[in-house]
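Right, one structure below, let's go through it.
Letters A, B, ... are given to chains in the order of the sequence lines, protein chains preceding strands, and every chain is numbered from 1.
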Amino acid sequence: MTEYVPVSEGELDEPIELPTEEDGSLLLSTVSAQFAGACGLKYRASGRLRGVRLVDERLSPPAEGWPAHRYWCAFPRIDPPPPRPRCSDLIVLGLPWKTGEEAVREYFGAFGELLMVQVKRDARTGLSKGFGFIKFAEYEAQVRALGRRHMIDGRWCDVRIPNGKEGAAAAHRKVFVGRCTESLTADDLREYFAAFGQVTDVFVPRPFRAFSFVTFLDPEVARSLCGQDHIIKGVSVNISSASPKRAGGAGGSGGGASVGGATAGAGAGSGARAGWPTLGWAPDAWPLPPTHLPIDSKPYLKYE
DNA sequence: GTTGAGCGTT
């Protein structure tokens with residue numbers, strides 16, 4: 001004969017009485033009819049949690065019978081969070097000559113715990129080369145630091161994922177934006193494309209050329225945009241995948257894709273980059289002529 | 001006028 005088993009969704013919820021079968025078992029389908037997604041039952045016996053035996057979709061009563069306890073549902077484990085992306089070394093470009101590791105550590109320490117800080121120096125003279133490397137403990141800190149510019153000791157600095165192995169992956173996060181007009185600033189592009197995903201870099205060649213590069217944090221965002229035409233400030237631009245930079249000259253070893261924040265250019269031919277529009281700074285005001293900069297914060301020029 | 005700046009003594 002049918003008896004009724006009190007079952008609730010969670011331990012503290014109000015039970016619903018569910019009918020058993022002729023053989024005294026409770027069908028899992030009877031449970032899931034009331035509690036969608038339930039995959040079993042549990043109860044408490046002398047303070048400890050116990051599971052109800054389940055064979056072939058039938059839940060068997062405990063030895064002491066159904067009425068001895070009240071029951072609640074077991075649900076499948078929610079999907080385990082995907083493994084966190086790991087932190088990579090990050091290059092910090094454009095450091096003032098005077099800036100040492102202490103200042104870099106103090107500045108980026110505000111973004112999260114730092115595992116490594118280096119300022120690269122000339123072996124002979126000990127003078128800073130104007131760049132360094134950092135590594136965060138937490139990926140979230142890395143994300144916070146990428147894709148915006150950083151004012152360190154009076155100069156705007158860029159944080160990017162270094163070239164090389166990591167840089168090759170950056171190629172998949174970057175799109176080529178063709179048919180740009182001169183009216184489209186790096187900030188315009190960053191603001192527009194931020195709607196599709198976090199933008200970590202915008203590059204607009206200077207002097208003007210009719211293209212730009214936009215790098216996203218998520219390669220899937222970049223991929224999804226390829227092949228599309230978009231209208232930005234009335235300009236129809238075409239988006240395609242960014243092909244690797246051509247090797248050649250110093251340092252180019254194949255895929256020189258870069259990722260990172262904005263850049264204060266130093267010489268003719270440098271590009272314009274934009275950071276977070278919300279910061280409200282004006283990239284078109286850059287690069288400042290070196291003579292307008294404090295003596296201790298001239299633009300980064302290798303070997304100068 | 002459709003492909004980019006600079007990248008690590010180990």
Side-chain angles (χ1 to χ4, degrees), chain A residues 88-97 101 104 116-135 149 155-184 186 189 199-215 222 225-230 232 235-274 286-287 290 298-304:
Chain A
S88 54
D89 287 8
L90 301 175
I91 188 168
V92 185
L93 293 162
L95 289 171
W97 307 119
E101 276 157 19
V104 174
M116 182 272 289
V117 174
Q118 294 177 334
V119 170
K120 292 300 172 187
R121 299 174 180 281
D122 182 278
R124 264 212 318 260
T125 66
L127 293 173
S128 167
K129 289 182 173 178
F131 67 91
F133 292 87
I134 60 174
K135 186 172 191 175
R149 303 226 277 184
R155 245 188 80 88
W156 286 108
C157 302
D158 307 327
V159 172
R160 299 190 214 161
I161 294 174
N163 293 339
K165 271 189 181 173
E166 307 258 22
H172 302 289
R173 307 205 304 266
K174 176 151 45 178
V175 294
F176 174 87
V177 183
R179 298 200 310 253
C180 290
T181 64
E182 205 156 5
S183 63
L184 287 178
L189 295 169
V199 173
T200 61
D201 189 52
V202 176
F203 180 86
V204 178
R206 261 189 214 162
F208 171 72
R209 303 219 261 156
F211 63 88
S212 301
F213 288 99
V214 175
T215 307
L225 291 170
C226 286
Q228 299 180 356
D229 289 326
H230 284 242
I232 309 174
V235 178
S236 172
V237 301
N238 175 260
I239 302 172
S240 57
S241 63
S243 50
K245 236 186 293 195
R246 278 179 51 182
S253 66
S258 73
V259 170
T263 290
S270 69
R273 289 177 195 263
W286 292 316
K298 21 180 205 178
Y300 168 74
L301 285 175
K302 203 176 184 181
Y303 306 130
E304 180 178 297

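Stacking between A/Phe211 and B/dT2 is absent: the ring centroid is not both under 5.5 Å from the six-membered base ring centre and under 30° in plane angle. Evaluation of A/Phe203 against the base of B/dG4 yields no stacking contact (centre distance < 5.5 Å, interplanar angle < 30° required). A distance cut-off of 5.5 Å between ring centres, combined with a plane angle under 30°, leaves A/Phe131 outside any stacking arrangement with the base of B/dG8.
With sequence neighbours excluded, the residues forming a side-chain contact (heavy atoms from CB on, under 4.5 Å) with A/Ser240 are A/Phe176, A/Asn238, listed by chain and number. Applying the side-chain contact (heavy atoms from CB on, under 4.5 Å) rule to A/Gln118 yields the partners A/Glu101, A/Met116, A/Lys120, A/Phe133; only residues at least two apart in sequence or on another chain are considered.
The pair A/Asp201-A/Arg173 does not count as a salt bridge, with every side-chain nitrogen at least 4.0 angstrom from each carboxylate oxygen.
Closest to the side chain of A/Arg209, from the set B/dG8, B/dT3, B/dG4, is B/dG4. Comparing B/dG1, B/dT3, B/dG8 against the side chain of A/Ser243 picks out B/dT3 as the nearest. Set against B/dG8, B/dT2, B/dG4, the side chain of A/Asn238 has B/dT2 as its closest nucleotide. Candidate nucleotides B/dT2, B/dT3, B/dG8 were compared by shortest atom distance to the side chain of A/Arg179, and B/dT2 ranks first.
Straight-line distance from the CG atom of A/Leu93 to the C1' atom of B/dG8: 11 Å, rounded to whole Å. Straight-line distance from the CD atom of A/Glu182 to the P atom of B/dT2: 14 Å, rounded to whole Å. Here B/dA5 presents its P atom at 10 Å from CG of A/Asp201, a figure rounded to the nearest Å. Between A/Phe213 atom CZ and B/dA5 atom C1' the separation is 13 Å, expressed in whole Å. Between the CZ atom of A/Arg206 and the P atom of B/dA5 there is a distance of 12 Å, rounded to whole Å. Atom CE of A/Met116 is separated from atom P of B/dT10 by 15 Å (rounded to the nearest Å). Taking atom CZ of A/Phe176 as the reference point, atom C1' of B/dG1 lies 11 Å away to the nearest angstrom. Distance A/Ile134 CD1 to B/dC7 P: 18 Å, rounded to the nearest Å.
Nucleic acid contact class of A/Thr181 (heavy atoms, under 4.0 Å, all strands): none. Counting non-hydrogen atoms under 4.0 angstrom, A/Ser240 reaches a base of the nucleic acid.
Contact between the side-chain N/O atoms of A/Lys120 and the OP1/OP2 oxygens of B/dT9 is found at a separation under 4.0 Å.
Counting heavy atoms from C-beta outward, A/Ile161 and A/Leu90 have side chains that approach closer than 4.5 Å.
The CZ atom of A/Arg179 sits 13.0 Å away from the OG atom of A/Ser212 when rounded to the nearest 0.5 Å.
No hydrogens or angles were tested; on distance alone, nothing pairs the side chain of A/Lys129 with the base of B/dG8 as donor and acceptor under 3.5 Å.
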